Peer 1: 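Below is a structure I'd like to ask you about.
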Amino acid sequence: MKLLFSLLFLGFLHGPPAQAQANAPADALLGRWYVPSRQSTVEFFKKDNRYFARISELGGGWEKNYAHTKGKILLTNLQFTGDEWAGGEVIHPASGLRFDAALTLKNPNTIRAIAYKGARFLHREFIMVRQAPPSESLTGK
């Protein structure tokens, strides 16, 4: 009994559960990212182990043409599979058309996003860049 109690106690001292540690790579997607034109941003957030993105800032031509879409969800239901976020949809802000979506991190500050309908080899690729690197956003630089 003492051994069991000691093991449990050491387990609590060791740190967070494995599940919390396992989510760290998946959460690398969270934050604000510039869309390809770099005039607007989307913000990725997590809800119930799924990832979503909403339009957060509009600039340039986007502001004039898409002002009504600010705050709307652009990417839905992405799940982290270990090397990518997939299984979700991207919603075109003007037409409402839906496409399958998959995202991968090229590096900590660059996302490769693809949108496709049915067949993945027929896709459109987008590169998004982090608005502020994680270290800068935490320090306020």
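As the structure is a prediction and not an experimental result, all values here were calculated from the model.
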Peer 1: Run the numbers on M128 and V42 for side-chain contact (heavy atoms from CB on, under 4.5 Å), then give the verdict.
Peer 2: CA-CA 9 Å; M128 293 188 281; V42 295; 4.0 Å; yes
Peer 1: Between K117 and D100, is there a salt bridge with N-O shorter than 4.0 Å?
Peer 2: no
Peer 1: If you group Ile, Leu, Val, Met, Phe, Trp and Tyr whenever their side-chain heavy atoms sit less than 4.5 Å apart, what else falls in with I114?
Peer 2: Y116
Peer 1: Please identify each residue that fulfils side chain to side chain donor-acceptor pair (under 3.5 Å) with D48, with sequence neighbours left out.
Peer 2: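 In terms of side chain to side chain donor-acceptor pair (under 3.5 Å), with neighbours along the sequence ignored, D48 is linked to no residue.
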Peer 1: When rounded to the nearest 0.5 angstrom, what distance separates CZ in R130 from OH in Y34?
Peer 2: 12.5 Å
Peer 1: Sequence neighbours left out, what passes ring-ring contact (aromatic ring centres under 6.0 Å, His included) with F52? Give chain and number order.
Peer 2: F45
Peer 1: F126: what forms a ring-ring contact (aromatic ring centres under 6.0 Å, His included) with it, not counting sequence neighbours?
Peer 2: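 In terms of ring-ring contact (aromatic ring centres under 6.0 Å, His included), with neighbours along the sequence ignored, F126 is linked to no residue.
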Peer 1: Can you list the steps and then say if L30 with Y51 is a side-chain contact (heavy atoms from CB on, under 4.5 Å)?
Peer 2: CA-CA 8 Å; L30 301 177; Y51 296 84; 3.9 Å; yes
Peer 1: In Å, rounded to the nearest 0.5 Å, how long is the span from CG of N49 to CG of D27?
Peer 2: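 N49 CG to D27 CG: 8.5 Å, rounded to 0.5 Å.
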Peer 1: Other than I127, which residues form its hydrophobic cluster under the rule that side-chain heavy atoms must be closer than 4.5 Å?
Peer 2: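 Result for I127 is none, singleton.
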Peer 1: Just distance, no hydrogens or angles: give the donor-acceptor pairs under 3.5 Å from side chains in residues 69-77, sequence neighbours left out.
Peer 2:
{"residue": "T69", "atom": "OG1", "partner": "Y66", "partner atom": "O", "Å": "2.6"}

Peer 1: Are F44 and V129 in one and the same hydrophobic cluster, where Ile, Leu, Val, Met, Phe, Trp and Tyr link if side-chain heavy atoms are under 4.5 Å apart?
Peer 2: no
Peer 1: Could you tell me which non-hydrogen atom of S40 sits nearest to which non-hydrogen atom of L58, and how far apart they are?
Peer 2: OG-CA, 3.4 Å
Peer 1: Do you reckon I91 sits in the same ILVMFWY cluster as I55, going by side-chain contacts under 4.5 Å, direct or chained?
Peer 2: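 Shared cluster, no.
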Peer 1: According to side-chain contact (heavy atoms from CB on, under 4.5 Å), who are the partners of L105, at least two apart in sequence or on a separate chain?
Peer 2: A28, W33, W85, I111
Peer 1: Quick one: side-chain contact (heavy atoms from CB on, under 4.5 Å) partners of S56, sequence neighbours excluded?
Peer 2: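 Partners of S56 under the side-chain contact (heavy atoms from CB on, under 4.5 Å) test: R32, T41, E43.
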Peer 1: Sequence neighbours left out, what passes salt bridge (Lys or Arg N to Asp or Glu O under 4.0 Å) with R98? Give chain and number order.
Peer 2: E89
Peer 1: For R112, what residues pass the salt bridge (Lys or Arg N to Asp or Glu O under 4.0 Å) criterion, not counting sequence neighbours?
Peer 2: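 Expected list: E125.
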Peer 1: Would you please name every residue forming a side-chain contact (heavy atoms from CB on, under 4.5 Å) with E84, sequence neighbours left out?
Peer 2: T81, A86, A102, T104, R120
